[in-house]
Amino acid sequence: GTFTPNGTGTFVITYSYTNANGCTSSDQLNVTVIPPTYVTAGNDTAVCRNSPVINLTGTPGGGTWTGMGVTSAGSFTPSTAGTFNLTYSLGKGSCKTTASQLVTVNALPVLSVGAAANDCIDKVPYALSFSPSGGSWSGVGVTPAGIFNPGAAGQGTFVLRYDYTDPITGCFSTATKTMTVNPLPNVNAGPDKTLCNQPVVERMVGTPTGGVWSGPDVSPAGDYTPNGNGVYNLTYTYTDGKGCIKSDVASVTVSDAVQAVASQDFAECFGSPDVQLQATPNGGTWTGSRVTASGRFNAQQAGTFVVTYTYGSGTCKSSDDMEITVHPLPVLSSILISTCANIASVQLANFNATPVGGTFSGTGVDQSTSTFNTAGLAPGNYEVVYSYTDANNCSNTIRPKVIINPTPVVSAGPDMEFCSTGIPGQLNGSPSSPPGSWTGSVVSPNGEYPTNAPSVDPMVIYTYTDTKGCVNRDTTMVSIVAP
């Protein structure tokens, strides 16, 4: 039952069948063989990956396309690189004819333009790194050949584009590169300075902090030590977090310092009035113990003090010392004198005043006789003044005390008359405590007067000394009569 056409025309084909009983029957079929319609799929072609859809055209029309990436209507999508054998078919059965078309999908060029970059605005123009060469750049600040100029681009972020066409396949590709142009930091080396030619470190301060100093006689941290008169430029360089660098210059003028001179050392005595210290030039400051900033020195403490006069500041600061000796006052001492109103004078030496060599003055003092005179002074407490000046010409005074005790009032009693009985008579004076003492020709100290003895001198004396040692006397007359 297989018919293989072999030429055109009409052919009768008979089908015969014999059943199990041996009976045979047949039928005939007319087969007309016509010449086939041959198709063409068009010329082989090449496209680039991701090109627009290609509409393939087979002839005669009405056929069907088959193959990878193609629709039956002949729409081919070049999404994958490679060579594709696409078939165009027309008709069916023995009348079906086919034709093939090769479609080559070329890969797009692979471009490399590097990672995004950060540049400082002062960077010189430079060639971008990219491959393959032969394309064209476009964007802000870049030439077609790929020379990027940050200064021409200005501060900001820019997207540069690189276009490239493969000279063999004609396939086009593009790549972008992000360029950030950062501004330079705002750097300030600070104001210009005028310093003095002294080896005193002056700290230079630039902003922002964290930069580096350079120049004559300055450390990277900014410690500048003057070393000769002149004008010097010191540079402060700062690098920010983006790596951008900027410098600023501070001018330093160095000249000789004005020297502070304090007046001569001196000495004074404790307790002297405040002294205004002198120094040149005016306008400086005093420091040290017991001195004010303006130079008032207080001598209320004995000792040796070094005070300092300072003029200027920083590298122009100069100072001079002054030594001030505050001598202590001489230490004086004396004892209390107690005397009695009926004692005309007391030697000043009795005060035991030390150191010796001073002078006494005050009420009752007679310097010509070196005595304290009680004449005209009522009993009571008195002070004299003892003054002494030592070898340092420092003077001091004390006030020795004198107590003038009143003279005790003493009475020997009335005149007495005793009988010559042989029994002693008793004389009684006052005050009697403590008891006084009797004196006379026959009287005993305790006042017994013998009556059997003839009286030589009838006057007896009662002498009394009080607890202060003051003495007074009184007299009375004693007579002896016969009973």
Side-chain angles (χ1 to χ4, degrees), residues 42-56 68-70 75-84 86 101-189 206-208 210-212 214 235-249:
N43 297 325
D44 295 341
T45 188
V47 296
C48 298
R49 186 175 66 84
N50 292 338
S51 294
V53 173
I54 303 171
N55 292 315
L56 302 177
M68 183 180 295
V70 70
S75 295
F76 177 75
T77 302
S79 59
T80 303
T83 300
F84 301 89
L86 307 181
Q101 181 178 4
L102 291 178
V103 178
T104 300
V105 179
N106 293 309
L108 300 181
V110 177
L111 308 184
S112 174
V113 294
N118 280 278
D119 291 323
C120 300
I121 199 168
D122 65 340
K123 186 174 182 178
V124 298
Y126 66 99
L128 300 175
S129 177
F130 58 91
S131 67
S133 60
S136 177
W137 285 88
S138 62
V140 177
V142 68
T143 67
I147 303 301
F148 182 67
N149 186 341
Q155 177 183 344
T157 299
F158 310 98
V159 177
L160 308 183
R161 174 172 168 166
Y162 179 60
D163 295 329
Y164 177 79
T165 300
D166 190 315
I168 298 175
T169 65
C171 291
F172 172 83
S173 189
T174 187
T176 60
K177 183 180 181 73
T178 299
M179 305 294 293
T180 299
V181 178
N182 299 302
L184 299 183
N186 185 17
V187 178
N188 188 349
T207 56
V212 176
S214 60
T235 301
Y236 181 66
T237 302
Y238 176 79
T239 303
D240 65 14
K242 306 293 185 180
C244 295
I245 303 172
K246 190 176 180 182
S247 299
D248 190 31
V249 175

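Residue Tyr162 forms a ring-ring contact (aromatic ring centres under 6.0 Å, His included) with just one option from Trp137, Phe172, Phe148, and that option is Trp137. Evaluated for a side-chain contact (heavy atoms from CB on, under 4.5 Å) with Thr83, the options Val105, Asp44, Val103, Thr104 yield exactly one hit, Thr104.
A distance of 11.5 Å separates NZ of Lys246 from OG1 of Thr237, quoted to the nearest 0.5 Å. Once rounded to the nearest 0.5 Å, the distance linking CG of Asn188 with CG of Asp248 reads 5.5 Å. Rounded to the nearest 0.5 angstrom, Lys123 NZ and Asn149 CG are separated by 11.5 Å. Leu128 CG to Ile147 CD1: the interatomic distance, rounded to the nearest 0.5 Å, is 7.0 Å. Separating the OG atom in Ser131 from the CG atom in Leu111 is a distance of 7.5 Å, to the nearest 0.5 Å. Rounding to the nearest 0.5 Å gives a distance of 11.0 Å between CZ of Arg49 and CG of Asn106.
Taking both residues in full, the closest heavy atoms of Cys120 and Pro150 are given as O-CB, 3.5 Å, listed atom of the first, atom of the second, then distance. Closest heavy-atom contact between Val181 and Ala153: CG2-CB, 4.3 Å. Nearest heavy-atom pair across Pro185 and Asp240 is CD-OD2, 3.7 Å. Considering all non-hydrogen atoms of both residues, Met68 and Leu86 come closest at O-CD2, 3.7 Å. Closest of all the heavy-atom pairs between Ser75 and Val53 is CB-CG1, 3.8 Å. The two residues Ala189 and Tyr236 have their closest heavy-atom pair at CB-CB, 3.9 Å.
Not a single donor-acceptor pair under 3.5 Å links the side chain of Lys177 to the backbone N or O of Val159.
Annotation: Lys242, atom NZ; neighbour count of heavy atoms from other residues, nucleotides and ligands within 6.0 Å does not exceed 12. Within a 6.0 Å sphere centred on CG of Asn186, heavy atoms belonging to other residues, nucleotides or ligands number 12 at most.
For the pair Val110 and Ser173, the minimum side-chain heavy-atom distance is 4.5 Å or more. With contacts defined as side-chain heavy-atom distances shorter than 4.5 Å, the pair Leu184/Ile121 qualifies. Between Leu108 and Cys48, the closest side-chain pair of non-hydrogen atoms falls below 4.5 Å. Residues Pro109 and Cys171 are in side-chain contact: their nearest non-hydrogen atoms beyond the backbone lie under 4.5 Å apart.
Checked against a 6.0 Å centroid threshold, the rings of Phe76 and Phe84 count as neighbours.
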Verify side-chain contact (heavy atoms from CB on, under 4.5 Å) between Val142 and Phe158, making sure each step is shown before the conclusion.
CA-CA 10 Å; Val142 68; Phe158 310 98; over 6 Å; no

